[in-house]
Amino acid sequence: MTYSVSLGATYLGDGRCRFRLWAPLAESVAVQIVAPGEKRVEPLTREERGYFQGEIAGVVPGSLYYYLLDGQQLPDPASRYQPLGVHGPSQVVDAKAFSWSDRCWPGPRVEALIFYELHVGTFTPEGTFEAIIAHLDDLRTLGVTAIELMPVAQFPGSRNWGYDGVFPFAVQNSYGGPEGLRRLVNTCHSYGLAVFLDVVYNHLGPEGNYLAHFGPYFTSRYHTPWGQALNFDGPGSDEVRRFFIENALYWLTEFHLDGLRLDAIHAIMDKSALPFLEELVAAVKLQAERLGRRVYIVAESDLNDPRVIQPQGLSGYGLDAQWCDDFHHALHALLTGERNGYYRDFGTLGNLARAFREGYVYTGQYSAYRQRRHGRRPDLCKGNQFVVFTQNHDHVGNRARGERLSTLVPFAKLKLAAAVVLLSPFVPLLFMGEEYGETAPFQYFTSHSDPRLIAAVRRGRREEFAGHNWTGEVPDPQDEATFLRSRLNPGLRRQGRHRVLWEFYRQLIQLRRELPALADFNLDHMEVITCEQDLVLFVHRWSSEGEVVIIFSFSDAPAAPTLPLPAGRWRKRLDAAEERWLGDGSAIPALLVSQGKMQVPLTPGACLLFERIKEAQAD
C-alpha cells in the first residue's frame, strides 16, 4: 500500500484549504471556521471507509477551526498546530511557506551517529526550539552528530516529558510550534547535525485525547501501562495504521527529520500477519528513497527480540537499530552496586562482557526480575544496530528523585562510564548534560488541568517507586518546582571538574573517529576477556586498518592484573588516570612492548586505550 500525507488541513494556496478526516462513527461532518472573521460552517462530503473530505475557499494560514461531528465540536485529530492548547481550536498551517536551505543535506552515515537526547523544555531556561540554536556550536564541537528530541507532539499545559501527547501531528505550542521546529532542523543541518524525533505510537495521553470520538482508534483487547492500547489489528485498524504511518511520513517530509525513535514498541499490541511496525518501516524506507536522503528508524524495546532489527526478508521488522537497555543495566549496576528493580538481574563483570559481545545480556536465560526466561540471541546483528548509553530520560527520570549518575558515583567512575559507551562497538547516546556531569536531577513533571488526573498521577508514581524500595518523598509531578529543578545548568561546563569531563568526552569522541578499529561494528572483530578477581574488562578490537586494546577497571582498589596484550608495540592513546583528566597520576608508559601478555598496574576506575603500532611505523 502506498501512503502520502493527506489527513488534516492541507493549505492549497489562493485562500483554499482541503480538509480530510476519518470519522466512521459520524453520520455527518462539517468544518467550523472560528477565526478570522465571523464563524461559519462548511459541510464535508462522505467518502469510502468513513472518510470525509472537502475543499473550502476563504481559508488562509492561521485560520482556526473545529470539526463538527453530528454537531459535536472537536479539534482535528490530525491538527498541525494547537495554539490555544489541547482543548482549543486547530490552526491551518502552510507547510510550504518555510524557506529551507538544506536541499543538499543527505542525512548522516550510520557509522558517524552519536546521539544527544534532549528535552526541549528543560534544555534551556527559555524551553523553546529557538533557544536550542545558541547551543548547537557547542554540541558540534563536542562531536555530537545527531540531536534526538524527546516527543514534541502537543500535550496538555506547558510542562511534560512529551509522552502524554494527544495530537500526534501538532508541534507543542509552548516550544515554538511548527515554525520553531522547522527553523531548528534547518539550522541543525547547516551545522552538520542530524535531528531525530521521539514519537509515541503505543498510546496517547489522557487529557485532551479526543480520538475515540472519531473512530475505533483504541481497543479493549489489550492494555498498556499508560492508557488504552491502540487498535492495530482489529476492525478499522487499516485506517488507524494509516493515521500513524502518515504521521511518520509527515515528520520526515514536512520537517526534514533524519529519523524517528519509536517509544516502547513492546507496548504496541499487534497479532496481524503483516505487523504495523513492518508496514511502517517499509513506508518510511520508500519515502526516504523518494526524498533522496538517509533516514533511520530506531526502536525502544525491552523484549531482547532480534526480530525488531533483523531484515524484513528474514522475518524481521527491519528497523535500523534499537535502544539496548541490557547494556545500560549491566554498566549501571556494576558502577553503583544497585540491585533494586530491574537491576536485580545485573551487577557482575560477566554481564557487561556479555553486553559487549552481543548487545543483549539475556538471550534466553532465566531472569529473576521477570521470573521467566528472557530474550533471544541476536545472531547476524551488527554493533550499529544497538544504541547504548549510561543515562537517558527513562533511567534517570524514572528514579524516585531523578538523580543523575554524576550524583551517584565518584568522578573516576563518570570517566569510566563515558569510555565504556564511547569506545564500545555500538552507537552511543548521551543524555543532555551528561557530558559535563550535570548535577540537576531530571524528574517527572506534568501540567494537567484535571484534579482527578493530577491525583491519579501522583498516586501512580508513589506506587511505581515502592517496587524499587526507594525511600523518601517522591517529587510532586504537578508542582512547577519539580520542572524547574530539572533544568540544566550549562554554566557548569566551564567550571572545574565539569570542564575536564567535557574535554574527556570530546577526546573519546575524537578517538572514536580517528581510530579505524573503533569504527568497526563487526562484533566478530572483537575479543572480550574478564579478569573477575580484579574486576577488569579487557577488550581487543580490530579492523583491516588498525587494532586497539581497551582496559576498564571497575575495582575500588589498585590492581595489577596480567593481561593478554597481543605481542607487538602499543602506543597509549588514552589514560584516564593522567593528571590532565584529574586522575592521581599514571604509572603506564606511553609505549608498551608486549610478548603476548603483560602485567599492567591500574588505579581504581582506570580506563586505558592502546593502539597497535604497525611495523612500518615502528621502523
Side-chain angles (χ1 to χ4, degrees), residues 142 331-338 347-349 352-353 390-391 403-424 430 433-439 492-512 515 518 529-540 548-565 569-594 597-611:
L142 175 66
L331 178 57
H332 183 93
L334 198 56
L335 289 170
T336 65
E338 291 183 9
T348 70
L349 191 64
L352 185 58
T390 62
Q391 302 174 76
E403 307 101 319
R404 292 170 175 267
L405 195 63
S406 60
T407 66
L408 300 176
V409 301
F411 188 73
K413 287 190 175 180
L414 286 182
K415 293 184 291 180
L416 178 60
V420 169
V421 167
L422 287 165
L423 302 181
S424 76
L430 313 182
E434 165 193 335
E435 71 278 14
Y436 60 82
E438 176 63 64
T439 56
L492 289 177
R493 186 174 76 76
R494 295 169 176 84
Q495 301 174 18
R497 291 190 171 193
H498 301 284
R499 178 182 56 79
V500 173
L501 185 61
W502 189 90
E503 290 290 351
F504 189 72
Y505 268 85
R506 184 184 179 191
Q507 178 70 13
L508 287 168
I509 293 173
Q510 185 173 330
L511 288 168
R512 185 180 174 93
L515 301 180
L518 295 179
I529 297 170
T530 60
C531 302
E532 295 283 354
Q533 182 177 350
D534 296 303
L535 283 180
V536 171
L537 190 70
F538 179 87
V539 180
H540 179 200
V548 298
V549 293
I550 316 164
I551 303 167
F552 303 111
S553 173
F554 292 88
S555 176
D556 292 326
T562 299
L563 300 173
L565 186 65
R569 295 172 177 263
W570 295 87
R571 177 187 295 116
K572 186 170 67 171
R573 297 300 305 270
L574 181 77
D575 187 344
E578 290 177 354
E579 293 180 358
R580 65 169 172 158
W581 305 125
L582 299 186
D584 294 329
S586 176
I588 308 295
L591 179 68
L592 294 181
V593 180
S594 175
K597 60 181 180 179
M598 286 194 70
Q599 188 176 42
V600 183
L602 302 174
T603 57
C607 170
L608 290 156
L609 170 66
F610 292 93
E611 177 189 18

Steps toward side-chain contact (heavy atoms from CB on, under 4.5 Å) verdict (Leu518, Leu609):
CA-CA 11 Å; Leu518 295 179; Leu609 170 66; 4.3 Å; yes
Please lay out, stage by stage, how Thr336 and Leu405 fare under the test side-chain contact (heavy atoms from CB on, under 4.5 Å).
CA-CA 9 Å; Thr336 65; Leu405 195 63; 4.0 Å; yes
Would the distance check show the side chain of Ser553 and the main-chain N or O of Leu602 forming a donor-acceptor pair, the cut-off being under 3.5 Å?
no
Report yes if the side chains of Thr390 and Leu331 come closer than 4.5 Å at any heavy-atom pair, otherwise no.
yes
Heavy-atom side-chain contact between Lys413 and Leu334 under 4.5 Å:
no
Between Thr530 and Glu532 (side chain of the first, backbone of the second, donor and acceptor by atom type, cut-off under 3.5 Å), is there such a pair?
no
In Å and rounded to the nearest 0.5 Å, what is the CG to CD1 distance from Leu430 to Ile509?
5.5 Å
Least distance between heavy atoms, Val548 atom then Glu611 atom:
CG1-CA, 4.2 Å
Applying the side-chain contact (heavy atoms from CB on, under 4.5 Å) test to Phe552, which of Val536, Leu349, Val539 qualifies?
Val539
Quick one: closest heavy-atom pair of Arg497 and Leu582, and the distance?
CG-CD1, 3.4 Å
Min side-chain heavy-atom separation Gln391-Glu438 under 4.5 Å:
no
Considering only heavy atoms from C-beta outward, does the side chain of Ser586 approach that of Lys572 to under 4.5 Å?
yes
Nearest heavy-atom neighbours spanning Ala417 and Leu335
CB-CD1, 3.6 Å
Please check this pair: side chain of Gln599 against backbone of Ala560, looking for a donor-acceptor N/O pair closer than 3.5 Å.
yes
Is any side-chain heavy atom of Thr439 closer than 4.5 Å to one of His498?
yes
If only atom types and distance count, is the side chain of Glu578 paired as donor or acceptor with the main-chain N or O of Ala576 below 3.5 Å?
no
Work out which heavy atom in Asp534 is nearest to a heavy atom in Pro561; give both atom names and the distance.
OD2-CB, 3.5 Å
If every non-hydrogen atom of Pro604 is compared with every non-hydrogen atom of Pro558, which pair is closest and at what distance?
CG-N, 3.9 Å
Nearest-0.5 Å distance, CZ of residue Arg506 to CD of residue Gln510:
7.0 Å
Give, for atom CZ of Phe504 and atom SG of Cys607, the distance between the pair rounded to the nearest 0.5 Å.
5.0 Å
Test side-chain contact (heavy atoms from CB on, under 4.5 Å) on His540 and Ile529; report intermediate values, then the result.
CA-CA 8 Å; His540 179 200; Ile529 297 170; over 6 Å; no
Could you check whether Arg580 pairs with Asp575 (Lys NZ or Arg NE/NH1/NH2 to Asp/Glu carboxylate O, under 4.0 Å)?
no
Derivation of the side-chain contact (heavy atoms from CB on, under 4.5 Å) call for Phe538 and Val600
CA-CA 11 Å; Phe538 179 87; Val600 183; over 6 Å; no
So, does Arg493 use its side chain to make a donor-acceptor pair with the main chain of Tyr436 at under 3.5 Å?
no
Can you tell me how far apart CG (Leu592) and CZ (Arg569) are? Round to the nearest 0.5 Å.
11.5 Å
Taking the side chain as everything from C-beta on, heavy atoms only, tell me whether Met598 gets closer than 4.5 Å to Leu563.
no
Atom CG of Leu423 and atom CZ of Arg573: how far apart are they, to the nearest 0.5 Å?
11.5 Å
Interatomic distance, CG@Leu492 vs CZ@Arg499, rounded to 0.5 Å, equals 13.0 Å
